[in-house]
Amino acid sequence: MGMLPDEAKGLPPPGIVNRCSVWLAGVGWASAMLHNALIHRPALKSGVHRQVLLATIGWFLGYHLTKNENYRYAKLDRDMREYVKLHPDDFQPKERKTFAEIVEPFYPAR
């Protein structure tokens with residue numbers, strides 16, 4: 001699709017099965033089932049071609065929404081890393097503590 005810029009092509013593609021694809025495919029299939037029920041047809045047995053078509057359209061839209069989401073998050077990560085690199089004095093490493101320094105001493109009550 002032409003919605004993403006060319007720099008998004010450098011990202012790895014999302015998996016074919018992802019949460020957006022599965023969710024929107026289910027929504028497409030459910031909308032076909034609801035349409036069958038509203039016009040008093042057998043919900044599962046009639047209009048199977050429409051059920052498959054709407055589920056496929058939902059899967060396609062979910063895949064490309066995931067692709068767009070991955071690009072936006074990668075862009076935000078890149079911008080944050082650049083900011084941290086340009087302002088190292090704002091992001092000093094914290095002093096490391098051991099677990100024994102954090103936890104209070106344990107005295108069993110008997």
| CA sep, side-chain torsions, deciding dist, call: His64, Leu4, side-chain contact (heavy atoms from CB on, under 4.5 Å) | CA-CA 10 Å; His64 286 285; Leu4 293 176; over 6 Å; no
Should [X] and [Y] count as side-chain neighbours, where that means a heavy-atom distance under 4.5 Å?
{"X": "Lys67", "Y": "Arg72", "value": "no"}
{"X": "Ile57", "Y": "Leu24", "value": "no"}
{"X": "Asp77", "Y": "Arg81", "value": "yes"}

| query | Given the rule in the side-chain contact (heavy atoms from CB on, under 4.5 Å) test, do Arg50 and Asn36 qualify, once you have shown the distances and angles that lead to the verdict? | reply | CA-CA 10 Å; Arg50 268 188 303 121; Asn36 283 342; 2.6 Å; yes
| task | Would you mind listing every ring-ring contact (aromatic ring centres under 6.0 Å, His included) that reaches into residues 65-98, with sequence neighbours excluded? | result |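 Counting only pairs at least two positions apart or across chains, the ring-ring contact (aromatic ring centres under 6.0 Å, His included) contacts touching residues 65-98 are Tyr83-His87.
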Please find the pair of heavy atoms, one from [X] and one from [Y], that lie closest to each other, and give the distance.
{"X": "Leu54", "Y": "Ala32", "answer": "CD1-CB, 3.7 Å"}
{"X": "Ser21", "Y": "Gly62", "answer": "OG-C, 3.5 Å"}
{"X": "Gln51", "Y": "Leu44", "answer": "NE2-O, 3.5 Å"}

| query | Are Trp23 and Leu53 in one and the same hydrophobic cluster, where Ile, Leu, Val, Met, Phe, Trp and Tyr link if side-chain heavy atoms are under 4.5 Å apart? | reply |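 Both belong to a single hydrophobic cluster.
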| query | Among the clusters formed by ILVMFWY side chains lying less than 4.5 Å apart, do Val27 and Leu65 turn up in the same one? | reply |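 Yes, Val27 and Leu65 fall within the same hydrophobic cluster.
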| task | Show which residues join Ile16 in its hydrophobic cluster (side-chain heavy-atom contacts under 4.5 Å, direct or indirect), or state none. | result |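 So far as hydrophobic clustering goes, Ile16 is joined with Val17, Val22, Trp59, Tyr63.
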| message | As a quick check of understanding, evaluate side-chain contact (heavy atoms from CB on, under 4.5 Å) for Arg78 and Glu7, giving each step before the final call. | response | CA-CA 12 Å; Arg78 181 193 64 196; Glu7 63 184 5; 3.4 Å; yes
| message | For the CG atom of Asn18 and the OG1 atom of Thr66, what is their distance to the nearest 0.5 Å? | response |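 So the gap between those two atoms works out to 3.5 Å.
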| said: Using 0.5 Å steps for rounding, measure from the CG atom of Leu38 to the NE2 atom of His40. | reply: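 With rounding to 0.5 Å, CG (Leu38) is 8.0 Å from NE2 (His40).
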| said: Give me each pair satisfying salt bridge (charged side-chain N to carboxylate O under 4.0 Å, His left out) with a member in residues 18-42, each pair once, sequence neighbours excluded. | reply: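 Matches after skipping sequence neighbours: Arg19-Glu69.
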